[in-house]
Amino acid sequence: MNYADRVLIADLKRHVEKEVMLAGWLYRNRPSGKVQFLTLRDGSGLCQCVIEKGKIDDDLFDKIKHLGQESSLAITGTIREEQRSVGGYEMAVTSAEIISESKDYPITPKAHGIDFLMKNRHLHLRSQRQWNISRIRHTVVDSIRRFFNDDGFTLVDTPIFTTMAGEDASSLFEVDYFGEPLHLTQTGQLYLETAAMSLGKVYCFGPTFRAEKSKTRRHLTEFWMVEPEVAFAGLKELLELAENFVSFIAKNVLEKNRAQLEQVGANIELLEKIKPPFYRLTYSQAVDILTGPKTKDFMAKQLEEFHQQKKQIEERLSQLEKEQKGSIKQWKREKNAAEIIEIKADLSEVETKIENNPKHAQLAADFKWGKDLGGSDETIISMMHDKPVFVTHYPKEAKAFYMKTDRSDDRVVENFDMLAPEGFGEIIGGSVREDDYDVLVARAKDMGFKPEDYDWYLDLRKYGSVPHGGFGLGVERTVAWMASEKHIRQCIAFPRMMDKVYI
RNA sequence: UCCCCGAUAGCUCAAUUGGUAGAGCGAGCGGCUGUUAACCGCUAGGUCGUAGGUUCGAAUCCUACUCGGGGAGCCA
């Protein structure tokens, strides 16, 4: 057989009432006495293929009946519209070829724990949820490149082996470079600034490495980041660039991945709200909010909601357990058992929230001007908004030496974070860069850096310094936010986490 | 690094106050012409994470370790 003649499931609408060949993997098989319903996946989608006994060879019919999940096969038949079928089309099979049999595929259509799925990551990627997220990620990445390419930016690939220790050497991975210590890049920014002085508007896009010991759903040790850098730009221009950029990504994902968003249970209504302008707060305003009555009420109200949720879950749980003890139908018993497992996970999540709420409320109430905003503080701010929020003008002690001191208030720098709404937190961090040679040297010294280590970087301020700045956007966090996926490890094919790498 | 939770069949979970280890799914076989995580019957499948301790008796209690999950600091 010539597989080049096969048709993709995504294109079935163009082949209704025609006989075509599909090639893919057996996603599921529900055989009956004289009819079988095969769900085939081919990378472009799912299609139900119906085989009636007598329409194909009897031996083949029996063989397919015992075919394991994920066996590969090519199936030929006539396409028809069918409401009851996934995707709206199905195939009436006329012939089939088993390409390779699969036995005892570990990932069954039932529930699995995250550890098991991660250990089987190479197979887990075939699952529907992962497939959907992969498609969304692809659109996010494609939109990133498209946005900058169409807006006069030039791509500059910055090095992965870097000589610049940057802000904090402890969060960098050290590598032995022929006997010399070098580090894996944490940001392309310093290199990118030099490129911006050549090309004006530039961006880099690639993997980034951080040796932070962060064990949370928002951290990876290797993640993808895109960083634009613009010459002759101030904070206002950067904020506008960032909000247009993020809105463009959201618009494209909505356009191209609506079906995937629906399947993963994303909040489409919220995504549709992602349009400029985003909210803007200064750090000082954020601190006022955190320490003021608004946050206190907000947290108290939320705690009450959590308690309510907990009560509801517990009531449902005891009701289900009561049902399980009585005499009920077998199928009902199973359904309840599945719900009990699910509901117990929800319960422990709500309990964690209840436990954390007072701590976070306390942290917010005790917040002192001058500290960096903590994860929980950002979460609170972002939960109060239904659109992304920019927080600008952080105290300079909490920020990197290269950020430009605000000339109208020298306690703060001209930087910004963009927080995704509904508690997703930081997606973007950026700043205007200090362009005055003397101020920059003084700042570097204050922070304990030796200016001579930054010779080439300082040269940018010696030879025609201009106001400029940029930001970095985390790809996995963006995907997680848009796909409503809790953990960013699900948003990259092969995640690298603190002290854990599966394959 | 710190705090909380967990580890029982291939998978997801049960096992009342310490008393002979269970269910569903998955696998295998059979039945069923419209299934959507189908259903019905039968079969196989376990050194209860590891090591020690308490006890007449431990999956259950205690200690240590290993592994995993969640959270904190820091960040995209």
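Each chain gets a letter, A, B and so on, in the order the sequences are listed, and its residues count up from 1.
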Of the nucleotides [options], which one has an atom closest to the side chain of [X]?
X	options	answer
A/Phe37	B/C32, B/G34, B/A37	B/G34
A/His66	B/C75, B/C29, B/A37	B/C29
A/His219	B/C74, B/C32, B/U36	B/C74
A/Arg30	B/C75, B/U36, B/C32	B/U36
A/Thr108	B/G26, B/U35, B/G73	B/G26
A/Leu363	B/G28, B/G73, B/G34	B/G73
A/Val50	B/A72, B/G34, B/U33	B/G34

### Query
When you measure from the side chain of A/Arg137 to the backbone N and O of A/Val475, does any donor-acceptor pair fall under 3.5 Å?
no

Under 3.5 Å between N/O atoms: give me all the protein pairs with nucleotides 67-70 of chain B, atom names plus distance.
{"unit_1": "B/G69", "atom_1": "OP1", "unit_2": "A/Lys500", "atom_2": "NZ", "d": "3.0"}
{"unit_1": "B/G69", "atom_1": "OP2", "unit_2": "A/Lys500", "atom_2": "NZ", "d": "2.4"}
{"unit_1": "B/G70", "atom_1": "OP1", "unit_2": "A/Arg489", "atom_2": "NH2", "d": "2.9"}
{"unit_1": "B/G70", "atom_1": "O3'", "unit_2": "A/Arg217", "atom_2": "NH2", "d": "3.1"}

### Query
Between A/Glu485 and A/Arg129, is the closest basic N to carboxylate O distance under 4.0 Å?
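A salt bridge is present here (some side-chain N lies under 4.0 Å from a carboxylate O).
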
### Electrostatic pair A/Lys63-A/Asp59, nearest N-O below 4.0 angstrom
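Salt bridge absent between A/Lys63 and A/Asp59.
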
How are the rings of [X] and [Y] set to each other: parallel, tilted or perpendicular (split at 30° and 60°)?
X	Y	value
A/Phe173	A/Phe209	perpendicular
A/Phe245	A/Phe147	tilted
A/Phe153	A/Tyr203	perpendicular

Say you pick atom [atom1] in [N] and the same atom in [M]; how far apart are they, in whole Å?
N	M	atom1	value
B/C32	B/G46	P	32 Å
B/A58	B/G18	C1'	6 Å
B/C3	B/G73	C1'	12 Å
B/A64	B/U54	C1'	15 Å
B/A15	B/A59	P	15 Å
B/A44	B/A38	C1'	24 Å
B/G26	B/A51	C1'	33 Å

Using a cut-off of 4.0 Å on non-hydrogen atoms, how would the nucleic acid contact of [X] be classed: base, sugar-phosphate, or nothing?
X	result
A/Ile107	nothing
A/Leu473	nothing
A/Glu378	base
A/Gln69	nothing
A/Gly113	sugar-phosphate
A/Phe116	sugar-phosphate
A/Asp417	nothing
A/Glu227	nothing

Let's test this: given Watson-Crick or G-U wobble pairing with both distances under 3.5 Å, identify the partner of [N].
N	answer
B/G19	B/C56
B/A14	none
B/G34	none
B/C2	B/G71
B/U43	B/A27
B/A64	B/U50

### Message
Under the rule for side chain to side chain donor-acceptor pair (under 3.5 Å), what residues qualify as partners of A/Arg280, not counting sequence neighbours?
### Response
A/Glu243

### Task
Check step by step if side chain to side chain contact (heavy atoms under 4.5 Å, CB included) holds for A/Arg443 and A/Glu434.
CA-CA 9 Å; A/Arg443 285 283 291 140; A/Glu434 182 55 66; 5.5 Å; no

Provide, to the nearest angstrom, the distance between the [atom1] atom belonging to [X] and the [atom2] atom belonging to [N].
X	N	atom1	atom2	answer
A/Lys359	B/G73	NZ	P	11 Å
A/Arg210	B/A76	CZ	C1'	6 Å
A/Glu212	B/C2	CD	C1'	17 Å
A/Lys34	B/G30	NZ	P	15 Å
A/Gln48	B/G34	CD	C1'	8 Å
A/Lys53	B/G31	NZ	C1'	12 Å

### Nearest-nucleotide 5' precedence on RNA chain B, A/Ile488 against A/Tyr105
A/Tyr105

### Message
For A/Met225 and A/Ser32, find the nucleotide of RNA chain B closest to each by heavy atoms; which residue's nucleotide sits nearer the 5' end?
### Response
A/Ser32

### Task
Would you tell me if any nitrogen or oxygen in the side chain of A/His124 comes within less than 4.0 Å of OP1 or OP2 on B/C11?
no

### Query
Within the structure, does a side-chain N or O atom of A/His112 lie under 4.0 Å from either OP1 or OP2 of B/G10?
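Negative; the distance criterion is not met.
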
#### Entry: salt bridge (charged side-chain N to carboxylate O under 4.0 Å, His left out) contacts touching residues 365-385 of chain A (sequence neighbours left out)
A/Asp372-A/Lys399

### Query
How close do A/Gln48 and A/Ser85 get, heavy atom to heavy atom, and via which atoms?
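So the minimum-distance heavy-atom pair works out to CB-OG, 3.3 Å.
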
